[in-house]
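Order of appearance sets the numbers: ligands from 1, and atoms from 1 within every ligand.
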Amino acid sequence: MTDKSEQDRVLIFDTTLRDGEQSPGATMTHAEKLEIAGLLDEMGVDIIEAGFPIASEGDFAAVTEIAKQTRNATICGLARAQIGDIDRCWEAVKHAKAPRIHTFIGTSPLHRAIPNLDMDQMAERIEQTVTHARNLCDNVQWSPMDATRTEEDYLCRVVEIAIKCGATTINIPDTVGYTAPRESAELIAMLINRVPGADEITFATHCHNDLGMATANSLAAVEAGARQIECTINGLGERAGNTALEEVVMALKVRNDIMPFQTGIDATKIMNISRRVAAVSGFPVQFNKAIVGKNAFAHESGIHQDGMLKNAETFEIMRPEDVGLSETNLVMGKHSGRAALRSKLEDLGFELGDNQLKDVFVRFKELADRKKEIYDDDLIALMRTSTDPENDRLKLKSLKVVCGTEGPQQADLVMEIDGEEQSTTQTGDGPVDASFNAIKALVPHSARLQLYQVHAVTEGTDAQATVSVRMEEDGRIVTGQSANTDTVVASVLAYIHALNRLLMRREKGGKDKREISYKDVS
Ligand code: KIV
Ligand code: ZN
């Protein structure tokens, strides 16, 4: 018999490093994954899904290291319904203080058709693989992928098998973001009522956001009896993403009157981790995103501003500091030293090694020379730029552009390529196009520019521009970011950042994670 506080406790399962990292272009480096795992652990996430160990050597190494380093959270790895996947997953997670194997198979008619298994054959596969996982690890999560489009009777049958074979958590994924809140609740309630043994295990909800209902669906599932929410920071994830961790955590806090459930998350850490995930994944947070968007606590209209000055509660249902947002303040200037910079960056959630700090400090000084006032957002933007220049094969040495009403626009570019200086002059349709043509002339490649985005970090004509680019080559997608008071320089640095990542990916070779088929279970 569980006591009341246990019944009200909702576990937070974060899958930023697995489902989130599957977003095209969101690939993180080994060091970045370790850093994010550390921040997730610090903020009180109960279970970290650290990766998909069979997918690549990189994923295996990251899950292994995260398992070794994490102090509090349970460390989980994903595995298809195959013995080899499960063994590989166990090899990686077994180092954790609290390891978990998460194995899954697509159970809806559409997903059963792909490995060409009939209902009985699939049931047998589930029995074998869950039993195998449970023989290795006493914490096993099983997911019927595309559960929300699986026949109810069959779903009950396979969930019962998984429980009998030892699964301790049953996750019900809305893989394609198809369900709606009432349906999400009814599905969990139906499973709890009908499946023998359902009261012995934890039900989890895993929602995708294709119709913008992921958070509402997750909360509805909790009201119906689910006690684990699967989510990602900033809602990162394939297509429209996943349930956002910050949304469910704050919804449960702010509306505890109607949803009396507790999580173990320290909400004041939300803003820092959100910024860090945006920086390392290359997926900037939309300005009006709930909780973590730049405008989430901004009040523009006169009536709102007036109300806010009289009583903040007139237009705010939570305080910025509840999620760790301190007011954007003037932080530093030209004369600030290295220790002050380190301490300020630590306040913003960035813990840097000495080499990284050295690089950031040089760039901070350059920025301080160009820009009088340096705000928190400027430092965050600075951190988006590559912090590992020593290992970059391509470096910008100098750029001069000719632009204006009389074309053609021209770029004189000098780059260091594998230690050797090379230069070119190219023209284009505008200064950015001319500069990108110049990069392409020095570093020939067939990568296609899929996205080019520019934002101003703060206000004023001396504001820094942050630029994000996304490029694709042979199915591999990489992103690059940079910030500079000169928009063309920021654009060139972002392009070079992406190219450096592409070169690294080419060197590593092997399969891209997304080339591993989830459906291939035969
Ligand atoms: O969305 C999904 O179904 C998944 C599974 C692998 C759990 O991510
Ligand atoms: Zn998913």
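- At a 4.0 Å cut-off, at least one heavy atom of Arg18 sits close enough to ligand 1 to count as contact.
- Nearest N/O/S atom of Asp19 relative to the Zn ion (ligand 2): this is OD2.
- With rounding to the nearest 0.5 angstrom, the CZ atom of Arg125 is 8.5 Å from the CD1 atom of Ile83.
- Contacts between Thr175 and ligand 1, counted as non-hydrogen atom pairs separated by less than 4.0 Å, involve both the backbone and the side chain.
- A salt bridge links Asp146 and Arg149; the closest N-O separation between the charged side-chain nitrogens and carboxylate oxygens is under 4.0 Å.
- Side chains of Gln22 and Arg18: a donor on one and an acceptor on the other come within 3.5 Å.
- Listed by atom number, the atoms of ligand 1 under 4.0 Å from His208 heavy atoms are 1 (O).
- For Thr150 and Thr107, the side-chain atoms include at least one donor-acceptor pair closer than 3.5 Å.
- Remark: ligand 1 atoms within the under-4.0 Å shell around heavy atoms of Pro173 are 2 (C), 3 (O).
- Checked by distance only, ligand 1 and Asp19 come closer than 3.5 Å through their nitrogen or oxygen atoms.
- Side-chain contact annotation: Gln141 with Thr169, donor-acceptor N/O pair under 3.5 Å absent.
- Side-chain contact annotation: Gln262 with Arg9, donor-acceptor N/O pair under 3.5 Å absent.
- With Met145, His206, Gln22, His102 as candidates, the residue nearest to atom 4 (C) of ligand 1 on a non-hydrogen basis is His206.
- To the nearest 10 degrees, the Zn ion (ligand 2) sees NE2 of His206 and NE2 of His208 at an angle of 100°.
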